[in-house]
S.K.: 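Have a look at the structure that comes next, please.
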Amino acid sequence: MISLERLRKEYDGVAAVDDLSLEIPRGEVFGLLGPNGAGKTTTILMLVGLIQPTSGRCLVDGVDVALEPIVAKRRMGFMPDDVGFYENLTAEQNLEYFAALYDLPRASRSKRIADVLDRVDLAGLDKKVGGFSRGMVQRLGIAKVLLNDPDVLVLDEPTANLDPLCVAEYRKIVRSLRDEGKTIVVSSHILPEVSKVCTSFAILVRGRLITTGSVSDLPVQLAQTAPGMAIRVETRTPLPELDHPAILASRFDQDRTRARLEVTEDIRDWLVDRLGDAGVLIRELAIEEPSLEEVFMRYYHAA
Amino acid sequence: MNLSRLRVIAGKEFRDHITSRRFILIAVLLLLVVSIGLVGGMITYRTAIDRYAGSIGTVGERAADLGAAAGGSLLDIINSVGEQILLLGAILGIAMGFDLVTREKEGGSLKLLLSHPVYRDEVINGKGLGGIGAIAGLVFVTFAIILAVLLAFGVVPDAYESFALGVLAVSAFLLIVSYFSVALLISTISRTGGTALVAALVVFIVLSSLLPVFVDPNVVGVIIGAPPQPPTPRALSPEEVAGAPGIGGMDTSMVTGAGNGSESIGIGIEESLKYERELQAYEEKRLSLESVISLLSPSLNFQQVMRKLTVPFMTSVATSGSEDVVPGEDLSGPEPATTPVPNVLESILPNLVALMVIPVLFFGLAYARFMRIDIR
Ligand SMILES: Nc1ncnc2c1ncn2[C@@H]1O[C@H](COP(=O)(O)OP(=O)(O)O)[C@@H](O)[C@H]1O
Ligand SMILES: [Mg+2]
């Protein structure tokens with residue numbers, strides 16, 4: 001549905017996005033993850049046709065966004081990170097303006113507006129947007145995105161300024177959109193956001209793609225690409241010397257009945273055999289995998 | 001560019017203007033100042049007419065003639081209306097335009113707007129057209145009120161006065177549009193509404209107050225140098241003295257007998273002619289600089305239109321006294337039939353053209369800038 005091909009954007013000779021290629025299939029909820037300044041917004045703005053790539057291209061349903069912006073924009077709904085509406089108008093008036101720009105048939109316009117407002121719980125509110133809370137503006141942003149019933153929704157940091165209640169509401173809406181089969185691109189600088197609503201993800205650091213995959217594979221992926229795995233052993237009798245290429249470092253207690261081994265892979269089976277051979281009885285054998293959060297932090301620090 | 005989208009954007013901009021507190025405030029102020037000035041002027045004008053008509057007991061004379069006869073003219077009133085529009089119109093234009101783009105940038109709606117299927121030129125043209133529409137509406141209302149007040153006082157403008165009113169309306173419209181276009185450009189350049197406001201104020205002061213200073217003869221003198229000095233008298237040879245009356249006459253060669261009469265002191269014809277040529281060249285230089293500077297400023301153009309429209313006429317009123325109706329009172333009225341409308345039109349044309357070129361230029365620059373604007 002969406003493909004980014006060798007996308008690059010330079011600012012003053014420095015690449016904000018560098019050689020980024022991604023394929024996002026139809027119906028995917030795709031999380032674009034990365035620390036601040038990673039190039040998420042830059043990528044998204046190129047995707048929705050608001051800035052021109054220095055090189056490379058974005059295709060949405062086969063349409064080159066830079067060459068046919070109007071066609072591409074009709075198929076997408078975009079909510080910018082700092083989404084703002086016309087404060088002198090009501091929610092309905094704002095949407096009427098955008099609906100007119102989408103050239104929605106006049107007859108169905110007000111019905112459509114009422115529907116999307118109802119969906120984000122802003123129906124019948126006769127208040128100017130200037131008096132809205134941040135959460136309400138964000139919800140109106142989602143209503144706006146749905147206005148033209150696009151196949152592709154692009155949301156830049158949709159939960160950045162929301163309180164937990166609003167975040168929960170937003171997730172509910174995104175899940176229901178996912179169930180409708182929409183293709184959704186969401187950016188975030190925090191991991192839970194992606195693991196809660198997304199089906200696949202990419203991690204971007206300093207404009208470069210670090211890793212990409214399905215969210216169900218996320219722990220494996222992270223474990224493979226980032227070190228930090230360890231095995232804890234506790235035995236009744238002192239441990240023998242342990243020698244295995246996967247062991248990076250080992251730390252023993254004074255009586256050698258406890259140890260923590262930093263490993264590059266899961267060698268618990270080898271350990272059981274080795275200790276069995278040595279006649280050492282095992283009290284506990286546990287693997288310590290880094291939490292997603294920890295691995296993510298490591299990427300950040302590496303970058 | 002798609003016309004229906006352009007209409008949608010221009011329509012929204014128009015509604016934004018006419019419902020904005022800022023626009024309404026300045027518009028109401030403008031209408032108040034103009035109508036109060038007008039009503040005040042009309043009252044003096046009418047009482048003067050009534051007193052005059054009463055004193056001479058004439059019936060059936062045109063009010064305008066009577067008014068002029070009584071020492072006032074509708075053109076004076078038109079002139080003062082113009083003066084009131086000058087400042088408030090400039091402020092209105094600036095206030096309408098300076099944050100049109102920065103506000104959308106800061107409020108986060110520009111990204112949103114441009115992510116819709118619209119071209120950038122539709123947005124900037126829509127903003128321009130919406131503003132121009134609102135200005136046209138306001139000018140229309142203003143002049144409808146002016147006409148209504150005139151008619152309410154029973155004053156029917158004659159052909160020339162109607163012409164003057166029409167020109168005033170057109171140039172008031174162009175004046176406001178000019179400042180609006182300048183402000184719109186500033187808005188596309190500035191990062192924030194705050195810097196845009198400061199920049200707009202600076203430009204406003206330069207255009208409305210600083211440039212007029214440069215038109216002051218003394219200041220012009222500083223720029224293009226002092227005017228040529230008249231030649232100083234010196235001893236003239238007998239030939240020069242003999243030749244003087246024959247060529248230049250007493251106007252160009254002043255010869256004075258000095259002392260014993262065998263020697264004459266004066267200014268030679270050559271120097272005299274040279275001085276005249278220099279003076280003329282200097283005057284031309286001064287005038288062209290003055291008009292070039294004037295053409296740059298919407299305010300100056302507007303002022304010049306007003307002056308050319310009303311002043312020559314009033315001076316002719318003052319100098320061309322004709323039939324005395326009442327002995328002892330100098331009575332001369334404007335005579336529409338002999339008023340040189342084509343001449344006036346010709347002399348105000350450069351200013352009117354400048355008032356059209358300025359907005360075209362600045363809208364063009366704003367357009368070019370907006371097409372390239374970094375929307376982040
Ligand atoms: N207009 C700009 N001029 C120069 N550099 C910019 C501009 N916009 C963004 N950048 C740079 O591009 C990089 C990526 O920014 P951005 O895409 O906003 O990151 P993210 O959205 O992931 O936080 C940053 O290093 C930022 O400094
Ligand atoms: Mg961002």
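Letters A, B, ... mirror the listed sequences (proteins, then strands); counts begin at 1.
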S.K.: So that I can tick it off, tell me whether D103(A) and R5(B) are bridged by a salt bridge, with the cut-off set at under 4.0 angstrom between side-chain N and carboxylate O.
M.R.: no
S.K.: Taking side chain as everything from C-beta outward and backbone as N, CA, C, O, which of these in I375(B) sits under 4.5 Å from a heavy atom of chain A? Side chain, backbone, both or neither.
M.R.: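 For I375(B), side-chain heavy atoms alone lie under 4.5 Å from chain A.
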S.K.: Against chain A, label E104(B) side chain, backbone, both or neither, depending on which of its atoms sit under 4.5 Å from a heavy atom there.
M.R.: side chain
S.K.: Does atom CG of D126(A) have more than 12 heavy-atom neighbours from other groups under 6.0 Å away?
M.R.: no
S.K.: Can you tell me which portion of L113(B) sits under 4.5 Å from chain A's heavy atoms? Options are side chain, backbone, both or neither.
M.R.: both
S.K.: How long is the straight-line distance from CZ of R15(B) back to CG of N88(A), given to the nearest 0.5 Å?
M.R.: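 N88(A) CG to R15(B) CZ: 10.5 Å, rounded to 0.5 Å.
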S.K.: How far apart are the closest heavy atoms of L112(B) and K144(A), and which atoms are they?
M.R.: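 Shortest heavy-atom contact: CD1-CE, 3.7 Å.
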S.K.: Looking at R22(B), I want to see if its CZ is surrounded by more than 12 non-hydrogen atoms of other residues, nucleotides or ligands under 6.0 Å.
M.R.: yes
S.K.: Is any side-chain heavy atom of K111(B) closer than 4.5 Å to a side-chain heavy atom of V48(A)?
M.R.: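 Answer no - side chains too far apart.
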S.K.: Side chains of R376(B) and T41(A): any donor to acceptor distance under 3.5 Å?
M.R.: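 R376(B) and T41(A) do not have a side-chain donor-acceptor pair below 3.5 Å.
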S.K.: Does atom CZ of R109(A) have more than 12 heavy-atom neighbours from other groups under 6.0 Å away?
M.R.: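 More than 12 heavy atoms, drawn from other residues, nucleotides or ligands, come within 6.0 Å of this atom.
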S.K.: Identify which part of L89(A) has an atom lying under 4.5 Å from any heavy atom of chain B, answering side chain, backbone, both or neither.
M.R.: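 The answer is the side chain of L89(A).
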S.K.: I need the I9(B) CD1 to L101(A) CG distance, nearest 0.5 Å.
M.R.: 5.5 Å
S.K.: Any idea which heavy atoms bring G108(B) and P80(A) closest together, and the distance?
M.R.: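 Here G108(B) and P80(A) meet closest at O-CG, 4.4 Å.
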S.K.: Would you compute the distance between atom NZ of K12(B) and atom CD of E96(A) and round it to the nearest 0.5 angstrom?
M.R.: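 One gets 12.5 Å once the value is rounded to the nearest 0.5 Å.
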S.K.: Checking heavy atoms, do the side chain of R120(B), its backbone, both or neither come under 4.5 Å from chain A?
M.R.: side chain
S.K.: Take a 6.0 Å sphere around OH of Y11(A) and say whether it holds more than 12 heavy atoms from other residues, nucleotides or ligands.
M.R.: yes
S.K.: Rounded to the nearest 0.5 Å, what's the gap from OG on S109(B) to OH on Y97(A)? Could you check?
M.R.: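 That separation rounds to 9.0 Å.
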S.K.: Please report the interatomic distance CE(M76(A)) to OG(S115(B)), rounded to the nearest 0.5 Å.
M.R.: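 Between atom CE of M76(A) and atom OG of S115(B) there are 9.0 Å.
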S.K.: So H116(B) and Y102(A), would you call those rings parallel, tilted or perpendicular, with 30° and 60° as cut-offs?
M.R.: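 Tilted.
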